[in-house]
Structures are given as C-alpha cells and as structure tokens.
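The sequence lines fix the lettering, A, B, ..., with proteins before strands; numbering per chain opens at 1.
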2 protein chains.
Amino acid sequence: MANIREIAGLAGVSVSTVSRVLNNHPYVRDEKRQAVHQAMERLDYHRNLPAIHLSKGTTNLLGVVLPSIEIPYFGNIVEGIAEEGLKHDLQLVLIQTNYNVEKELEALELLRGSLIDGLIFTSRAASLKIIKEYNPHGPIILCEDSDQTDLPSVSIPHEKAFMDGLDYLLTKGHTKIACTLGRKQGTNSHKRIKAYQTIMDKINQPVREQWIFDKCLTIEDGIHLTENWCRMTERPTAFLVTNDQVAAGMVLTAKEKGIHMPEELAILSFDNQQIAKAMHISTIDIPIKQMGKKAVQFIQNTEKRSKVSLPFQLIERATV
Amino acid sequence: MANIREIAGLAGVSVSTVSRVLNNHPYVRDEKRQAVHQAMERLDYHRNLPAIHLSKGTTNLLGVVLPSIEIPYFGNIVEGIAEEGLKHDLQLVLIQTNYNVEKELEALELLRGSLIDGLIFTSRAASLKIIKEYNPHGPIILCEDSDQTDLPSVSIPHEKAFMDGLDYLLTKGHTKIACTLGRKQGTNSHKRIKAYQTIMDKINQPVREQWIFDKCLTIEDGIHLTENWCRMTERPTAFLVTNDQVAAGMVLTAKEKGIHMPEELAILSFDNQQIAKAMHISTIDIPIKQMGKKAVQFIQNTEKRSKVSLPFQLIERATV
DNA sequence: TTGTAAGCGTTATCAG
DNA sequence: CTGATAACGCTTACAA
C-alpha cells in the first residue's frame with residue numbers, strides 16, 4: 001500500500017504538498033497538483049484512515065448505544081441517526097447492549113479512546129453520574145425525557161403523553177386502567193409511572209401494582225398479556241401499553257378469544273408504526289426518526305438548547 | 001490526555017515496558033508492572049485507539065452493509081453479527097445504503113482505508129466484479145445464495161426453498177400461483193424467480209410477468225397487494241411472498257375484505273418472524289440470525305468452506 | 001527482563 | 001505557493 005511519502009517521491013514534491021492536494025487546500029500550483037494526482041493513480045494510492053484519525057484527533061465516527069436492534073423503536077432511532085449522519089459524513093458504530101451496563105461502559109471507553117467523536121444513548125442502564133464523567137471526551141446525547149441539563153437530551157414529554165393517553169381512556173369511560181412498560185427502571189418509564197399515579201389519584205382509583213406490567217416489548221409479550229388478562233380475577237377494561245408491538249399481540253389474541261374491543265378491552269399504545277395502522281390500533285405517535293436526527297444535530301452543535309422536547313400525537317383508531 | 005511516554009517517565013521505565021504491561025505481555029518484573037499501573041492510575045491514562053490501529057494495522061472493527069435497518073430481515077442478520085462479533089471482541093460499523101451503490105462503495109473504501117478489518121454484505125446492489133476488487137484489503141462476506149466461490153457466502157438455498165414452497169402450494173391444490181420479491185435484481189430473487197419458472201413449466205402454467213410483484217417488503221406493500229388482487233381480472237389463488245411482513249399486510253386486508261383464507265387466497269411467506277406466529281401465517285423459516293453468525297465466523301476464518309448453505313423449514317399454519 | 005529506536009501514515013507549524 | 005520537520009500515540013524488532 002503506497003503511502004503519501006511514495007507519492008511525494010514519484011511526483012517530485014514534498015509530503016506536505018501531497019497532503020494539501022489530498023485535502024483540497026488552495027495554494028497548490030496546478031502542475032504539481034496534476035503530478036500528484038498522476039502519482040496517486042499510478043501507485044493506486046488510497047488514504048489510511050487510522051493515520052488520519054490519529055493525526056487529526058477526530059474520526060467522524062459516531063457511537064450509538066442501543067439495547068437491541070430488533071425492537072422497532074430503536075431501529076427507527078438508528079434510522080434517523082443514519083439519515084442525518086449521512087449529511088454530516090458520519091459513520092455509525094453500533095453498540096448493542098441488551099441493557100448490560102458493562103457494554104455501555106465499553107461504548108464510553110470508545111469515546112474516551114478517541115475512536116468515536118460522540119455518543120448517542122438511545123436508552124441506557126448505566127447511571128447518569130457515570131456517563132457524565134465521560135463528557136469531557138466528547139458529546140454524549142440522551143434519547144430520554146431527562147430533567148438534568150448537563151447532558152443534552154431529546155424526547156417527547158412522556159409524562160404529558162401518558163397523561164393524555166390516560167385522559168383519553170377516561171373520556172371513553174374507562175377507569176380501571178392498566179399499563180405496561182418496557183423497562184421499569186428507565187427514565188421514560190418513570191415518567192409514565194408518575195403520570196399513571198397522578199391520573200389514578202385524580203379519579204380516586206388505587207394504583208394496583210399488579211396492573212403495571214414490566215418488560216413488555218414484543219408481540220409475544222402482548223399475546224401473553226391478553227392470556228394473562230383472561231385469567232385475572234379483577235380485570236382492567238383498558239390498557240395503555242409500551243408500543244405497537246405489544247398492542248398488536250394483545251389485539252390478535254383478543255380477537256381470537258372473541259373478546260370485544262374496545263367495549264370489553266380497550267388498548268392504546270405508543271409509536272404509531274406501520275403495524276398499528278394496518279391493525280387499526282389507536283396509538284400515540286412519536287416522531288422517532290426525528291429524535292435520531294435531533295440527536296445528531298446536538299452532536300454537530302447545530303442544536304443549542306440542552307433539551308429538545310418533540311411533539312407527540314394521539315391517533316384515534318379502532319382499539320379504544 | 002496522558003500518553004504512554006508520560007507513564008513511562010513517571011513509572012521510571014521505558015515506553016516498551018509500558019506497552020508490554022498494557023498488552024499483558026509476560027517478561028515484565030512485577031515491581032515495574034506495579035509502578036506502571038500506579039502511574040496510569042495517577043495520570044488517569046487511557047489508550048488512544050486510532051494510534052493502536054495505525055500501529056497494528058487492524059482495528060477490530062467490522063463493517064456491515066445493509067439496505068435498511070427497518071426491514072426486520074436485515075435487523076436480524078445484524079443481531080446475529082453483533083452476537084457473534086461480541087465473542088470476538090468486534091465492534092460494528094453500520095453502513096446503511098438503501099441499495100445505493102455509491103454508499104456500498106463508501107463501505108468498500110472503509111475496508112481499503114483500513115478502518116474496518118472486514119465487511120459483510122447483508123445484501124448488495126454493486127456488481128460482484130467491483131466488490132471482488134476490494135478483497136485484497138480484507139475479507140468480504142456475502143449473505144446471499146451465490147454461485148461464485150471467490151467470495152465466501154452464507155445463505156439458505158433459495159431456489160430449493162422457493163420450489164419447496166411452490167410444491168407445497170401445489171399439493172394444496174393451487175396452480176394459479178403468484179409471487180412477490182423484495183428486489184428483482186438481487187441474487188436471492190433471481191434464484192426465486194428461477195424456481196418459479198421451473199415449477200410453472202412443470203405444471204404447464206404460463207409464467208405471467210404481472211404475477212411476479214417486485215419491491216414488496218413491508219406490511220404496507222402487503223396491504224396494497226391484496227387491494228390489488230381484488231381488482232385483478234384473472235386472479236391467482238395463492239401467493240408465495242417475500243417475507244412475513246408482506247404476508248401480514250395481505251392477511252389483515254384479506255380478513256377485512258372477507259376474503260376466505262386459505263380457500264380463496266392462500267399465502268405462504270418467508271422468514272418466520274414473531275408476527276407470522278402471532279398471525280398464524282404459514283411460512284418458511286430462515287435461520288437469519290445464524291446467517292449473521294456464520295458470516296462473522298467467515299471473517300474470523302473459523303469457517304473454512306467458501307459457501308455455507310443453511311437449512312430452511314416449512315412451517316404449516318393457517319394461511320395455506 | 002528491559003530499553004532504544006524505527007516505524008505506522010497523516011497533518012500542521014513554520015520558515016522561506 | 002512549497003518544503004522540512006515535528007508531532008499524533010502506540011507497537012515491535014533488535015540489542016543488551
């Protein structure tokens with residue numbers, strides 16, 4: 001693999017000149033520029049990225065932490081990040097964690113080790129305190145409804161959205177409402193739980209712990225949930241669930257069991273993916289891709305606010 | 001950011017010694033090792049990855065080319081790659097292409113530029129000829145049912161699988177069979193088309209070009225397809241479709257329109273994702289994750305064959 | 001066991 | 001406009 005020095009030799013110029021033409025600097029006489037180009041052609045020259053990275057101190061690589069790529073929500077964020085990243089010539093390094101703190105630390109070490117210029121957490125298990133310690137090494141963006149302002153964050157207002165969802169169920173006559181979460185420990189889930197408690201208080205309903213279902217993320221989970229619901233002695237009449245996948249699983253199973261929807265069982269979910277539209281599931285639209293894009297804009301310093309709150313929208317369909 | 005030289009100075013040893021303890025080399029007296037560790041602690045030392053990469057000539061970074069992360073099939077492959085990559089301490093660099101050849105070339109340039117040690121094409125638009133040219137710069141693996149042997153490939157035997165699927169539809173009494181593809185130009189699609197032609201010939205049916213639907217990948221596509229089907233003058237009684245998403249869209253719409261399945265319209269798909277099970281869709285299971293894993297094993301030289309053919313399995317459910 | 005020194009391939013400063 | 005030359009931070013012969 002020819003290097004810049006060999007090019008310089010063959011072209012009869014100095015390495016600096018070669019570097020200049022490589023980086024499209026002005027102030028290079030055209031003859032020399034041509035000579036360099038020819039030499040590069042002749043020796044089939046191609047730049048060595050790690051060398052450039054070392055010399056420059058930056059890599060144009062962006063780290064993305066996500067629990068699992070198979071959960072559409074995260075896939076969508078990545079899609080948004082990729083789309084916006086493309087504009088800024090950024091490549092993505094994916095760190096799949098399954099909410100394993102160790103893996104998240106590895107991602108942070110990539111930042112500290114200067115392999116990536118910035119890091120986006122689509123979700124996290126590690127504590128904010130730890131994450132913040134890495135901030136000096138590069139921008140870190142959180143895709144969550146965060147109250148702190150040390151780290152930029154982008155999200156919809158989950159508490160408000162969850163309250164709106166519950167209110168909607170209320171107006172439809174439901175008071176016995178259950179809900180599901182993806183991961184109770186998450187920031188977004190905390191907001192959702194808070195909203196749940198607020199509304200239950202407001203309508204003088206007890207907060208039944210067993211009506212807050214944790215770890216519900218997939219169609220499969222939705223199926224089990226409906227089966228579960230059938231066996232319950234005291235049954236909620238409505239569910240506000242994690243995402244459209246869970247809702248889909250619930251709806252499919254409910255239909256099979258001849259459960260009347262939405263009279264007997266109403267379901268409202270989050271995300272508004274294709275599947276929700278196809279199955280006429282009432283849902284709260286989240287601009288997921290947009291979140292990814294905004295996150296990149298934070299990295300690029302295009303976005304100056306420390307917290308961006310994106311709009312959500314309730315979509316009325318057939319399941320409520 | 002402290003570097004190896006400063007550590008050496010503080011610890012009273014040479015840089016080589018520091019490097020040795022950094023890389024767990026033997027032949028370092030314990031005292032010195034301790035001293036180095038202390039110095040690293042004191043100066044909060046952390047290695048600089050690009051420097052290591054430049055020096056070593058490798059990066060432990062693996063490139064993954066995929067059209068879109070939102071198509072579950074590709075997401076699954078990536079999941080498999082990530083899982084297996086984890087074992088070998090590989091990080092993933094994602095290159096989303098939307099079948100844009102330019103983007104694929106960029107990925108190949110990352111390989112040539114020594115940023116990634118290997119590259120996996122989960123699918124491709126670029127010609128084999130071009131891709132092969134980059135092989136000297138690192139291993140390139142194709143996730144497709146390829147006939148060439150210059151580049152390692154991993155796939156199910158698509159022609160056989162498609163024929164089996166068609167045969168199955170035949171045994172169920174269907175002769176007027178249509179099919180859908182994700183992208184006609186793809187290698188896998190070619191195999192599928194070939195199988196389609198073979199079987200249609202065998203049963204003396206014409207190959208109706210308008211019964212081969214291209215660009216069918218999503219639930220939405222499936223919905224349109226059924227709507228389309230309703231308007232057709234001559235209707236197929238069965239579809240062998242790209243994937244479970246398309247099938248799901250078709251089934252949902254068919255049910256809404258009161259179309260009798262499988263009598264009036266039978267559907268067989270590929271992949272066997274959660275949604276297929278949930279909706280009782282008959283499908284041909286593909287070990288997608290396994291494909292990703294095998295691809296990584298190729299990169300790691302764990303797999304010596306040039307072509308790996310994985311088993312598929314027809315899953316009988318309610319739509320045929 | 002340990003140290004010296006020569007890379008790895010660029011960029012960037014500074015003098016001309 | 002151009003060229004020396006010193007970084008960038010680490011690995012790895014080779015010697016000792």
(request) Identify which nucleotide among C:dT2, D:dT11, C:dT11 has an atom closest to any side-chain atom of A:Asn23, counting heavy atoms from C-beta outward. (result)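 The nucleotide sitting nearest to the side chain is C:dT11.
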(message) Checking contacts here: which listed nucleotide (D:dT11, C:dT11, C:dT2) is nearest the side-chain heavy atoms of B:Ser19?
(response)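 Of all the options, the side chain of B:Ser19 is nearest to D:dT11.
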(request) Could you verify whether a donor N or O on one side chain and an acceptor N or O on the other, from A:Gln148 and A:Ser146, lie under 3.5 Å apart? (result)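 Yes, A:Ser146 and A:Gln148 have a side-chain donor paired with an acceptor closer than 3.5 Å.
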(message) Tell me which pairs pass salt bridge (Lys or Arg N to Asp or Glu O under 4.0 Å) where either residue lies in residues 44-69 of chain B, with sequence neighbours left out.
(response)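 Listed once each, the pairs would be none.
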Which protein N or O atoms sit under 3.5 Å from an N or O of nucleotides 4-8 of chain C?
| unit_1 | atom_1 | unit_2 | atom_2 | d |
| --- | --- | --- | --- | --- |
| C:dT4 | O4 | B:Ser16 | OG | 2.8 |
| C:dG7 | N2 | B:Ser55 | OG | 3.3 |

(message) Please report the distance, rounded to the nearest Å, between NE2 in A:His25 and C1' in C:dA12.
(response)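 Distance, rounded to whole Å: 9 Å.
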(request) Note the angle between the end axes of the helix from C:dT1-D:dA16 to C:dG16-D:dC1, five pairs defining each, rounded to 10 degrees. (result)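 The end-segment axes of the helix from C:dT1-D:dA16 to C:dG16-D:dC1 are tilted 30° relative to each other.
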(request) Salt-bridge test for B:Glu104 and B:Arg124: reply yes if a basic N is under 4.0 Å from a carboxylate O, no otherwise. (result)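 Between B:Arg124 and B:Glu104 there is no salt bridge, as every charged N stays at least 4.0 Å from the carboxylate O atoms.
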(message) With the threshold set at under 4.0 Å for non-hydrogen atoms, list the residues of residues 30-45 of chain A touching DNA chain C in residue-number order.
(response)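 Listed by number, they are A:Tyr45.
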(request) Would you classify A:His46 as touching base, sugar-phosphate or nothing, given that sugar-phosphate means primed atoms plus P, OP1 and OP2, and contacts are heavy atoms under 4.0 Å? (result)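 Sugar-phosphate: the residue A:His46, judged by heavy atoms under 4.0 Å, touches backbone atoms but no base.
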(message) According to side chain to side chain donor-acceptor pair (under 3.5 Å), who are the partners of A:Asn98, at least two apart in sequence or on a separate chain?
(response)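 Not a single residue meets the side chain to side chain donor-acceptor pair (under 3.5 Å) criterion with A:Asn98.
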(request) Kindly write out the residues that satisfy side chain to side chain donor-acceptor pair (under 3.5 Å) with B:Gln300, not counting sequence neighbours, or none if the list is empty. (result)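 So B:Gln300 forms a side chain to side chain donor-acceptor pair (under 3.5 Å) with B:His88.
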